[in-house]
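Here the structure comes first, spelled out in structure tokens, and everything after it is commentary.
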Amino acid sequence: MRILSRIAFALIIVGAVNWGLIGLFGLDVVALLFGGSSSLLSRIVYSLVGISAVVYIALSTMDIAPAA
């Protein structure tokens with residue numbers, strides 16, 4: 001679970017930085033790197049970032065204390 005959490009967190013950071021750049025400068029780095037916002041690769045990255053956010057929220061809210 002720790003590895004999944006780290007991967008999810010890294011993808012969330014990528015998404016947050018990308019959204020920050022879009023908001024501040026109108027620059028979509030994912031679209032720039034992968035051939036436009038509607039290209040298959042960009043859509044995969046966007047989807048992975050969204051899924052990572054859901055997974056990270058789920059992992060963060062799980063009760064991981066051992067059962068007594």
Side-chain angles (χ1 to χ4, degrees):
M1 291 266 203
R2 191 163 177 87
I3 292 172
L4 180 61
S5 180
R6 287 183 183 205
I7 291 170
F9 185 72
L11 285 171
I12 291 168
I13 296 298
V14 168
V17 169
N18 192 52
W19 274 109
L21 290 172
I22 291 170
L24 292 172
F25 306 111
L27 176 65
D28 186 348
V29 176
V30 172
L32 185 67
L33 291 175
F34 297 112
S37 61
S38 62
S39 75
L40 179 62
L41 287 175
S42 292
R43 292 180 63 185
I44 289 170
V45 171
Y46 296 140
S47 297
L48 288 174
V49 168
I51 291 167
S52 293
V54 173
V55 167
Y56 194 78
I57 290 168
L59 290 175
S60 296
T61 59
M62 289 174 68
D63 183 20
I64 56 173

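Just so you know, residue 1 is the first one in the sequence shown, and it goes up from there.
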Heavy-atom closest pair, residues S42 and G36: OG-O, 2.7 Å

Neighbour count >12 (heavy atoms, 6.0 Å) for atom CD1, I3: no

Close side-chain approach of V55 to L4, heavy-atom, < 4.5 Å: yes

Linked, directly or transitively: I51 and V49 (ILVMFWY side chains, under 4.5 Å): no

Set of side-chain hydrogen bond (donor to acceptor under 3.5 Å, both in side chains) partners for S5, sequence neighbours left out: none

Linked, directly or transitively: I13 and W19 (ILVMFWY side chains, under 4.5 Å): no

Cluster link V29 to V17, ILVMFWY, side chain under 4.5 Å: yes

Shortest non-hydrogen separation from S37 to A31 and the atoms involved: N-CB, 3.5 Å

D28: side-chain hydrogen bond (donor to acceptor under 3.5 Å, both in side chains) partners, not counting sequence neighbours: N18, Y46

hydrophobic_cluster_shared for L40 and V14, side chain cutoff 4.5 Å: no

Spatial distance of atom CG (L32) from atom CG (L21) [nearest 0.5 Å]: 10.5 Å

Donor-acceptor contact present, side-chain S39 to main-chain F34, <3.5 Å: yes

Straight-line distance of L48 CG to I7 CD1, nearest 0.5 Å: 10.5 Å

Same cluster (ILVMFWY, side-chain, under 4.5 Å), I57 and L59: no

Beyond-backbone contact of I22 with L27, side-chain heavy atoms, under 4.5 angstrom: no

